J.: 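Can you read through this structure? Questions will come right after.
These numbers come from a predicted model, not from an experiment.
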Amino acid sequence: MFQACSTSTDLSETVLKDINGTLRWGGAPAVDGTGILFETSDTTYGAPGTRENYSEFFPEGENKVQVIADINITGKTTVRGWDAEYPEIEIFSLSVTTQNL
């Protein structure tokens, strides 16, 4: 019997589906904001775009919303705010949940 295990931490091209989390706008990265973040129970990811790209998901006057998303972990990192690094993702689908923040 053979058993193999990988010690690689390369998450490149990892697609995760139906992930519950919080989509958060933390201000423009150009002025030390965090941009769009997707926060799950154990990881915070940096997502592309600005609040305007996701405006239909955010309630008026709010900068965070509970969502379910399908994401792709690119294997890269993105630097936001005061040099904070986050794993970079692409979002394929997004829907608002009815859970409380």
J.: Where is the tightest heavy-atom contact between Pro29 and Thr34, given as atom of each residue plus distance?
T.: CG-C, 4.3 Å
J.: Determine whether Glu88 and Thr77 satisfy the following criterion, side chain to side chain contact (heavy atoms under 4.5 Å, CB included), listing intermediate values before the conclusion.
T.: CA-CA 5 Å; Glu88 181 184 71; Thr77 59; 6.0 Å; no
J.: Who pairs with Ser93 by side chain to side chain contact (heavy atoms under 4.5 Å, CB included), at least two apart in sequence or on another chain?
T.: Asp70
J.: Report yes if the side chains of Arg80 and Tyr86 come closer than 4.5 Å at any heavy-atom pair, otherwise no.
T.: yes
J.: To the nearest 0.5 Å, how far apart are CD1 in Ile36 and CD1 in Ile89?
T.: 10.0 Å
J.: For Ala47 and Tyr54, which heavy atoms make the closest approach, and how far apart are they?
T.: CB-OH, 4.3 Å
J.: So, using side chain to side chain contact (heavy atoms under 4.5 Å, CB included) as the criterion, who are the partners of Asn53 when residues are at least two apart?
T.: Thr50
J.: Checking side chain to side chain donor-acceptor pair (under 3.5 Å) for the pair Gln66/Thr97: CA distance, chi angles, key distance, verdict?
T.: CA-CA 6 Å; Gln66 197 71 23; Thr97 69; 5.0 Å; no
J.: When clusters are formed by joining ILVMFWY residues with side-chain heavy atoms under 4.5 Å apart, either directly or through shared neighbours, do Ile71 and Val67 land in the same one?
T.: yes
J.: Using the rule that two of Ile, Leu, Val, Met, Phe, Trp, Tyr join whenever any of their side-chain heavy atoms come within less than 4.5 Å, decide whether Leu37 and Leu23 are in one cluster.
T.: no
J.: Can you tell me how far apart OG1 (Thr78) and CD (Glu85) are? Round to the nearest 0.5 Å.
T.: 9.0 Å
J.: Going by heavy atoms in the side chains, are Tyr45 and Thr40 under 4.5 Å from each other?
T.: yes
J.: Sorted by first residue and then second, give each salt bridge (charged side-chain N to carboxylate O under 4.0 Å, His left out) pair with at least one member in residues 28-57; sequence neighbours left out.
T.: Arg24-Glu39
J.: May I ask whether Ile73 and Val79 are part of the same hydrophobic cluster, defined by side-chain heavy atoms of I, L, V, M, F, W, Y residues being less than 4.5 angstrom apart, directly or through others?
T.: no
J.: Group every Ile, Leu, Val, Met, Phe, Trp and Tyr by side-chain heavy-atom contacts under 4.5 Å, then state whether Phe38 and Ile68 land in the same group.
T.: no
